[in-house]
Amino acid sequence: MATVLSGTSGALYYSPAGTTGTFVEADVDVLNDEITVASYLNFKVGDPVKFSVINAETGAVGTGTLPAGITAGTTYYVIAYTASTGILQVSATSGGSTITITDDGTIVAPNVFKVAYAAPVAVGSVREWSFEITRSEIDVTTIGQTPGQYAPFRAYITGFADGSGSATVYTTDDDTTLASRMVEDVIQSSQAGATMKLYIDRIISGGTVDDTKSRSITVPVIVTSASLTVNPDDGQSVEIAFRPSSTPTFDLSKS
């Protein structure tokens, strides 16, 4: 018999909004070891990021070669991002020196280079989270049915899926925490990259999360509201509301 779980084993992980961008060969500045992505994104110093090649039309894995000095799947750390110009610099270590880029890579349209927040990170100040999934129905009942002993039933087919969620987080005096960034992401122009990983039960093994033993839902989201509560008797909290921006991924079994 499976074990019934309590909420104490749950957790919420988050990737901030505006932390994904694409660029092409012409955007790579080999002389200054810089990359130009879109302006007014939400990269912050210290953000962990990874690079890849994708097909811009499908979003799937693309073909091409990343600029020399950048390795696909390796975690790098943002050391500078200028919002007005989109110029990005990364390091191999947090707070380290800029990586050396020796060529601008090779791609052919519709392929592009992509930089994105490496993976959702634990939001340590979460009190609770909730997530609801709904499915609409479309009424396809026809008129003119032959009366019988029983009243005819309406006929439906399934429609679009939707969902909504919320999380209550405690605020601190640190603007760089993920909880604070969730609040600011409500008004972030680009919400691309915003992702909630909702752990139903999080299993830690050797100091890291063991996803083969944990159960979770990963949801690309848009953050729609932040409601602040100030009460002298309680910790200051913020109610974050979000909804899916694409299909959630369910991992509800343990392997």
Check [X] against [Y] and note the closest heavy-atom contact, atom names and distance.
X	Y	answer
Thr224	Arg243	CG2-CG, 4.0 Å
Met182	Val223	O-CG1, 3.8 Å
Pro220	Ser246	CG-OG, 3.2 Å
Ser84	Ser39	O-CB, 3.8 Å
Pro120	Thr195	CG-CG2, 4.3 Å
Thr98	Gln89	OG1-NE2, 3.7 Å

Distance-only polar pair, side chains of [X] and [Y], donor-acceptor under 3.5 Å:
X	Y	answer
Tyr13	Arg202	yes
Arg215	Ser253	no
Asp185	Tyr14	yes
Ser237	Thr168	no

Aromatic rings Phe131 and Phe242: how do their planes relate, parallel, tilted or perpendicular, breaks at 30° and 60°?
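Ring orientation, 0 to 90° scale: parallel.
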
Starting at [atom1] of [X], measure out to [atom2] of [Y] and round the result to the nearest 0.5 Å.
X	Y	atom1	atom2	answer
Leu228	Glu239	CG	CD	11.0 Å
Tyr40	Ser189	OH	OG	9.5 Å
Asp29	Leu31	CG	CG	6.0 Å
Ser216	Leu12	OG	CG	11.0 Å
Ile217	Ile133	CD1	CD1	5.5 Å
Thr82	Ile87	OG1	CD1	6.0 Å

Strictly distance-based, threshold 3.5 Å: is any side-chain N or O of [X] a donor or acceptor partner for the main-chain N or O of [Y]?
X	Y	result
Thr22	Lys114	no
Asp139	Thr141	yes
Ser214	Asp210	yes
Ser125	Tyr170	yes
Asp33	Ile101	yes
Asp47	Lys44	yes

Let me check something: do [X] and [Y] share a hydrophobic cluster, defined by ILVMFWY side-chain heavy atoms less than 4.5 Å apart, either directly or through other members?
X	Y	value
Val186	Trp129	yes
Val112	Tyr117	no
Leu41	Val183	no
Phe160	Phe250	no
Met196	Ile200	yes

Applying side chain to side chain donor-acceptor pair (under 3.5 Å) to Ser130 and Ser166, what does each step give before you reach the verdict?
CA-CA 5 Å; Ser130 65; Ser166 66; 2.9 Å; yes

If you count the non-hydrogen atoms of other residues, nucleotides and ligands that lie under 6.0 Å from CG in Asp173, is the total more than 12?
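Open.
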
Hey, is CZ on Arg135 packed in by over 12 heavy atoms from elsewhere, all under 6.0 Å?
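Counting other residues, nucleotides and ligands, CZ of Arg135 exceeds 12 neighbours.
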
Under-4.0 Å salt bridge between Asp211 and Lys197
yes

4.5 Å side-chain heavy-atom contact, Ile54 and Phe113
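Sidechains of Phe113 and Ile54: no contact.
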
Taking C-beta and beyond as the side chain, do Ile107 and Val24 meet within less than 4.5 Å on heavy atoms?
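The answer is yes, as the side chains (C-beta and beyond) meet within the 4.5 Å cut-off.
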
Could you walk me through whether Val115 and Leu88 pass the side chain to side chain contact (heavy atoms under 4.5 Å, CB included) check?
CA-CA 10 Å; Val115 57; Leu88 176 74; 4.2 Å; yes

Tell me, with the steps shown, if Val90 and Tyr77 meet side chain to side chain contact (heavy atoms under 4.5 Å, CB included).
CA-CA 5 Å; Val90 299; Tyr77 298 88; over 6 Å; no

Going through the checks in order, is the side chain to side chain contact (heavy atoms under 4.5 Å, CB included) test met by Val49 and Val78?
CA-CA 7 Å; Val49 296; Val78 174; 3.9 Å; yes

With a cut-off of 3.5 Å and sequence neighbours excluded, list every side-chain donor-acceptor pair involving residues 59-76.
residue	atom	partner	partner atom	Å
Thr63	OG1	Asn111	ND2	3.3
Tyr76	OH	Thr71	N	2.8

Can you tell which of Asn42, Ile222, Thr19 makes a side chain to side chain contact (heavy atoms under 4.5 Å, CB included) with Gln188?
Asn42

May I have the step-by-step check of side chain to side chain contact (heavy atoms under 4.5 Å, CB included) for Thr158 and Ile138, ending in yes or no?
CA-CA 6 Å; Thr158 55; Ile138 300 172; over 6 Å; no

